[in-house]
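A short worksheet on the structure shown next.
Each residue takes its place number in the sequence, starting with 1. Just so you know, these numbers come straight off a predicted model, no measurement behind them.
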Amino acid sequence: ISLNWGKPELDIYIEQAREYVSARTRKATKDFKGVLPKRGFLATYTSYAAELTDAPQEFHLAVGLSILGTACGNRITFRSWGQDVCLHTWSILIAPSGFFRKSTAMNIGLRLLKRAIPGCQYPNDFSREQLISILNAQPSGILPAFEFKSLLERLRGGKGGYMEGT
């Protein structure tokens with residue numbers, strides 16, 4: 001997806017993505033670069049991030065989509081099923097610890113986003129009730145979680161908390 005400020009232009013690369021991942025085997029079937037946009041913010045961002053780290057391009061694309069969605073906030077919508085839908089983006093970078101540079105890829109995007117939009121990052125430490133209050137006060141932002149399991153535990157109310165098993 002690429003978006004140019006001033007004149008929104010949405011290009012969705014669904015066909016390339018379908019060719020990239022086989023539905024039957026769920027494995028990459030061709031070079032990922034065919035999925036990357038050739039112009040626009042995501043092309044620029046993935047190129048910039050690739051110069052800073054050897055993290056996989058897939059990580060840079062996921063982070064780029066996340067920061068683009070955060071920057072757009074609730075200001076840009078599209079019509080779907082008779083209602084306006086905002087650009088909610090959920091990205092999970094999955095890879096073994098260390099070698100693939102997940103945190104490095106995330107930090108590149110977060111630094112850029114926080115410089116452009118101060119205050120857009122939600123706090124990392126919260127109770128479930130605090131998060132609901134924060135989201136009510138600021139409905140658009142980014143909640144980076146460097147350990148997904150920890151995020152799930154916080155959202156459930158902690159190990160053995162009242163949300164356990166939900």
Side-chain angles (χ1 to χ4, degrees), residues 1-50 55-95 102 105-124 126 128-146 148 151-152 154-156 163 166:
I1 300 172
S2 67
L3 181 69
N4 298 321
W5 289 109
K7 178 185 166 204
E9 179 183 313
L10 203 56
D11 298 322
I12 303 177
Y13 295 87
I14 293 174
E15 289 307 314
Q16 293 92 331
R18 284 185 186 144
E19 291 174 17
Y20 172 66
V21 177
S22 165
R24 188 176 312 137
T25 64
R26 297 194 188 277
K27 293 189 179 181
T29 58
K30 69 183 225 177
D31 185 9
F32 184 75
K33 291 186 189 265
V35 178
L36 292 174
K38 293 177 180 31
R39 59 183 172 78
F41 170 79
L42 289 174
T44 303
Y45 176 77
T46 55
S47 175
Y48 163 75
Q57 283 285 1
E58 293 91 335
F59 290 1
H60 299 316
L61 180 60
V63 171
L65 285 166
S66 295
I67 64 174
L68 181 60
T70 302
C72 293
N74 295 337
R75 294 181 297 273
I76 297 177
T77 61
F78 61 93
R79 268 326 253 174
S80 179
W81 295 89
Q83 61 184 345
D84 290 333
V85 179
C86 298
L87 300 172
H88 299 291
T89 307
W90 298 85
S91 301
I92 302 174
L93 306 181
I94 300 173
K102 297 182 299 285
M106 289 172 61
N107 282 326
I108 292 168
L110 289 171
R111 277 194 306 272
L112 180 68
L113 184 62
K114 288 191 283 189
R115 276 191 301 213
I117 308 171
C120 66
Q121 183 174 335
Y122 296 129
N124 286 325
F126 56 83
R128 187 172 178 275
E129 292 80 11
Q130 287 171 322
L131 181 61
I132 291 169
S133 295
I134 292 166
L135 292 172
N136 279 329
Q138 182 184 341
S140 179
I142 191 165
L143 177 62
F146 291 91
F148 189 62
L151 173 64
L152 290 178
R154 285 193 309 256
L155 292 173
R156 287 185 180 132
M163 293 291 289
T166 59

So, the side chain of S66 versus the backbone of A62: is there a donor-acceptor pair under 3.5 Å, distance only?
yes
Examine distances only and state if a side-chain atom of Y122 and a backbone atom of G141 form a donor-acceptor pair shorter than 3.5 Å.
yes
Please table the atom pairs, donor to acceptor, closer than 3.5 Å between any side-chain atom in residues 105-121 and protein atoms at least two apart or in another chain.
unit_1: N107; atom_1: ND2; unit_2: S103; atom_2: O; d: 3.2
unit_1: K114; atom_1: NZ; unit_2: Q121; atom_2: OE1; d: 3.3

Point-to-point distance, once rounded to the nearest 0.5 Å, from [atom1] of [X] to [atom2] of [Y]:
X    : Y    : atom1 : atom2 : answer
F126 : L131 : CZ    : CG    : 5.0 Å
I67  : I142 : CD1   : CD1   : 7.5 Å
N124 : F146 : CG    : CZ    : 7.0 Å
L68  : L61  : CG    : CG    : 10.5 Å

Which heavy atom of [X] sits nearest to which heavy atom of [Y], and what is that distance?
X   : Y   : answer
H60 : A49 : ND1-CB, 3.3 Å
G64 : L42 : C-CD2, 3.5 Å
T89 : G69 : OG1-CA, 4.1 Å

Pick from R128, E129, Q130: which one makes a side-chain contact (heavy atoms from CB on, under 4.5 Å) with I132?
R128
Among all residues two or more places apart in sequence or in another chain, which pass the side chain to side chain donor-acceptor pair (under 3.5 Å) test with Q138?
none
Should the pair Y45 and F41 be assigned to parallel (<30°), tilted (30 to 60°) or perpendicular (>60°) ring geometry?
parallel
